[in-house]
S.K.: 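Once you've had a glance at the structure underneath, I'll fire off some questions.
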Number of protein chains: 4
Amino acid sequence: MTSPPQGGRPVNAQAGAALKAAALRLVRERGYGKVSIAAIAEEAGVARQTLYNRWNTKADLVLDAVFEETQSYAAAPPLDGERACRDLLEEFLINVFSHLAVNGGVLRALIAAAQQDAAFQANFYAKFVLPREKMVTNLLQRAIERGELSADRSPELVSSLIHGAFWYRLLNRGVLDASVAKAVTRDVFGPPTSAAGGDC
Amino acid sequence: MTSPPQGGRPVNAQAGAALKAAALRLVRERGYGKVSIAAIAEEAGVARQTLYNRWNTKADLVLDAVFEETQSYAAAPPLDGERACRDLLEEFLINVFSHLAVNGGVLRALIAAAQQDAAFQANFYAKFVLPREKMVTNLLQRAIERGELSADRSPELVSSLIHGAFWYRLLNRGVLDASVAKAVTRDVFGPPTSAAGGDC
Amino acid sequence: MTSPPQGGRPVNAQAGAALKAAALRLVRERGYGKVSIAAIAEEAGVARQTLYNRWNTKADLVLDAVFEETQSYAAAPPLDGERACRDLLEEFLINVFSHLAVNGGVLRALIAAAQQDAAFQANFYAKFVLPREKMVTNLLQRAIERGELSADRSPELVSSLIHGAFWYRLLNRGVLDASVAKAVTRDVFGPPTSAAGGDC
Amino acid sequence: MTSPPQGGRPVNAQAGAALKAAALRLVRERGYGKVSIAAIAEEAGVARQTLYNRWNTKADLVLDAVFEETQSYAAAPPLDGERACRDLLEEFLINVFSHLAVNGGVLRALIAAAQQDAAFQANFYAKFVLPREKMVTNLLQRAIERGELSADRSPELVSSLIHGAFWYRLLNRGVLDASVAKAVTRDVFGPPTSAAGGDC
DNA sequence: GACTAACCGAGACGGTACGTCGTGTCTTAGT
DNA sequence: ACTAAGACACGACGTACCGTCTCGGTTAGTC
């Protein structure tokens, strides 16, 4: 509603990308807590104020940086009825866990940052947590509809159990590999039936 | 067995207690991140160095402070066979959740601190996380032995699902009340049998 | 010739002046050793780091502060041949001594600081000691050329005798007044001749 | 007036000597300012309180330590009339300067300490400065009586000129060797007469 | 031979100052 | 309007000394 910016130097689009790249690189190298905002700006070859023009906090910047990278993977599994929900869940978890091998440290730091900054927590939850929770909730809802899961299970509750196991192990530096994904799936859905692979 | 003090002015035990009390009070009032080490020492009426003599970090101090308070509650449920394991679990969770109403904020901060400091993480895990995980694992093991739980459930995995749900909701500021405790218990053990209350 | 600032917020010149003024005021009030860097910054209404941006040590700051004040007095006497060198020396000493009534305490502290910090010693010597020594050496050299002083006196040695007397008395809190200035002058030049006041 | 101490453990004389030795050793090695009281006590294998039982400040301890060492040299020249005063002065200065090669650094630190602590200044002046000043004053007085020096010279003033030259050069890290001693003597007494060596 | 009181080691304690670091805001000049 | 550069106010950090204190243990000399 404000008058569109007339004249003035245009925003340097490269600066934002350079900042995100620099942030990810440094945070992975040194760890989130040992990277200062000034260091990121310097690494990106950019003034500090330029960073503040785009993000409010280091956490917001890093969130954007990993978010971009993460868009590719962990996409919602296609609930198109061709495959069993238990298989989709297992695949989803394996996929997520495999990417945590790379981004686990960064995510741990972001979860920590969210505990210290309510504004960032809301941002992080909306951008990162909720979508993944929705994916699993939807998948479980579908499983109930298809009869793969007992109707008296609550999709929301089971979803938080599943994500919880993932968070708990991530934050306590526990093992998170394919075998865990399979075990979680099995615990939720029960032992696979001999006629495994009913449609989802 | 500990190294003998071997002379020297004895440690002032009051100072340690005053520091823990001051830490808890201030952290609850202002929030963990807004309390400086200096402020805690001042509130306790103690020199800053005295604090450093006992704890390496603010997190270690606060951990000790809540740990002490927490010793009373969340004690291991008595696996004496008189009550059903599902009831014991439910009671345990209700108990834990009710205390989180008081200490939830502090614990969130400590979990965050653990993500930024490996040494503290180890301390926190050993003192706080592991014991509670063990309690639940033991309880579940017992439940399997008594036939309350299917033998093909893994106590360790289920334990991390249960704790995970708790962590996940705590860290995302979700609801954590008695109804959640009951729902979790029900999801793990299944709907209560009519002849509820078999021995555990 | 200096490196161009090349952008960036310009240095706040008032801050430097305020710091020097505050330093002098506090050091005179409380004594050098009882004034902390933090107190000076606070008195100047300036951040501590701003002080560190300009000076490395408290001594360097205080040196600059007194140096500025001292520029006015103790200027090199005009060796223009109109007045006798002995009169010029006497005047110079009277002038210096009178200002020591104000700055003596500060100077004693700076001399002390120079004994504990080689870098500051070099700075102090170059800015403060050497110029005054040169003044006297030049004056004495002129006196020899004009025959007021025996040619076998060494200007450098006599200069250090003169300055030495001043330091020795300053550091031992001895008397330093006009009568001492006259006595020193008389001892160096001998009793005034009846035809006093040959041109210098 | 208080009752003399009856009974009780006697003072450990070795501790004092060990402290003085440790102080000198450390101060010479690291420099006065970089040696803490705790370091001296530790080096001496003695408790910190034991040091405080004997001396009020580090400066007092170090003063005692060098004073002891210095008693041997720079003794008052024998004004027995057998040798010329100018020779005695020259010898005295050569002697003093040669010992400054060893203790110069320590003395510089003590002079600095005296500027920061009035109580120590009085102690230092009485024990160290005044005796040496008296020696020279007496010698000059004798020189006047013997006619080696003009009667209108003031022994006190000349003494402060001589000591001043020494202090000034010491504190500014100037040269202090035998040639300076000879030059000072020559400047004070004038060129040696052909019939040098009248009795003093 | 027991008593006694000053001494000693060790080290915790209340204070104070230090220099460094990071943050978010600001103020220039330049694009 | 945006950028690069960097000064600034603010505040926390961990360290280093200082001088005092409080212990338990060790002495001689005195009763």
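Please read these numbers as outputs of a predicted model, since none were measured by experiment. A, B, ... follow the sequence lines: proteins, then strands. Residue 1 opens every chain.
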S.K.: For C/A15, enumerate each residue passing the side chain to side chain contact (heavy atoms under 4.5 Å, CB included) test, keeping only those at least two apart in sequence or located in another chain.
M.R.: C/N12, C/V46, C/T50, C/R54
S.K.: For B/E42, check side chain to side chain donor-acceptor pair (under 3.5 Å) against everything at least two apart and list the hits.
M.R.: none
S.K.: For nucleotides 15-17 of chain E, which of its nitrogen or oxygen atoms have a protein nitrogen or oxygen under 3.5 Å away, and what is each distance?
M.R.:
{"from": "E/dA17", "atom 1": "N6", "to": "B/R48", "atom 2": "NH2", "distance (Å)": "2.8"}

S.K.: Taking side chain to side chain donor-acceptor pair (under 3.5 Å) as the definition, give me every residue that meets it alongside D/N123, ordered by chain and number, with sequence neighbours left out.
M.R.: D/D60
S.K.: Would you indicate whether the side-chain heavy atoms of D/L19 and D/W55 approach each other to under 4.5 Å?
M.R.: yes
S.K.: Would you kindly compare B/P10 and C/R9 by the position of their nearest DNA chain E nucleotide and give the one closer to the 5′ end?
M.R.: B/P10
S.K.: Can you tell me if the side-chain N/O atoms of C/N53 get under 4.0 Å from OP1 or OP2 in F/dC8?
M.R.: yes
S.K.: Report yes if a side-chain nitrogen or oxygen of C/T50 is closer than 4.0 Å to either non-bridging phosphate oxygen (OP1 or OP2) of F/dA7; otherwise report no.
M.R.: no
S.K.: Check the distance between E/dT20's C1' and C/L51's CG and give it to me in whole angstrom.
M.R.: 14 Å
S.K.: Report the distance from atom CD1 of B/I40 to atom C1' of F/dA12, rounded to the nearest whole Å.
M.R.: 12 Å
S.K.: Can you list, by residue number, the residues of residues 110-124 of chain B that have a non-hydrogen atom closer than 4.0 angstrom to DNA chain E?
M.R.: none
S.K.: Enumerate the residues from residues 19-31 of chain C whose closest heavy atom to DNA chain F is under 4.0 Å, giving them by residue number; use none for an empty result.
M.R.: none
S.K.: Rounded to whole Å, how long is the line connecting atom OH of D/Y52 with atom P of E/dA10?
M.R.: 17 Å
S.K.: Hey, which of these two, C/A15 or D/A39, hits DNA chain F nearer its 5' end, going by closest nucleotide?
M.R.: C/A15
S.K.: Between B/N12 (CG) and F/dC23 (C1'), how many Å, whole number?
M.R.: 13 Å
S.K.: Which residue pairs pass the salt bridge (Lys or Arg N to Asp or Glu O under 4.0 Å) test when at least one of the two sits in residues 104-127 of chain C, sequence neighbours left out?
M.R.: C/D64-C/K127
S.K.: Sequence neighbours left out, what pairs pass side-chain hydrogen bond (donor to acceptor under 3.5 Å, both in side chains) with at least one residue falling in residues 20-30 of chain B?
M.R.: B/K20-B/E68, B/R25-B/E43, B/R28-B/E69, B/R28-B/N103
S.K.: Taking only residues two or more places apart in sequence or in another chain, which ones pass side chain to side chain donor-acceptor pair (under 3.5 Å) with D/Q49?
M.R.: D/N53
S.K.: Between atom CD in B/Q14 and atom P in E/dC13, what is the gap in whole Å?
M.R.: 11 Å
S.K.: Taking atom C1' of E/dC18 as reference, at what distance in whole Å does atom CH2 of C/W55 sit?
M.R.: 18 Å
S.K.: Does D/N56 have any side chain to side chain donor-acceptor pair (under 3.5 Å) partners at least two apart in sequence or in another chain, and if so, which?
M.R.: none
S.K.: Round to a whole Å and report the spacing from CZ of A/R54 to C1' of E/dG24.
M.R.: 17 Å
S.K.: Could you tell me which residues satisfy ring-ring contact (aromatic ring centres under 6.0 Å, His included) with D/F120, sequence neighbours excluded, listed by chain and number?
M.R.: D/F124
S.K.: Holding to side chain to side chain contact (heavy atoms under 4.5 Å, CB included), I want the full list of residues that pass it with A/A38, two or more places apart in sequence or in another chain.
M.R.: A/S36, A/R48
S.K.: Apply side-chain contact (heavy atoms from CB on, under 4.5 Å) to the pair C/I111 and D/I111, showing each step before the final yes or no.
M.R.: CA-CA 9 Å; C/I111 292 172; D/I111 292 172; 5.9 Å; no
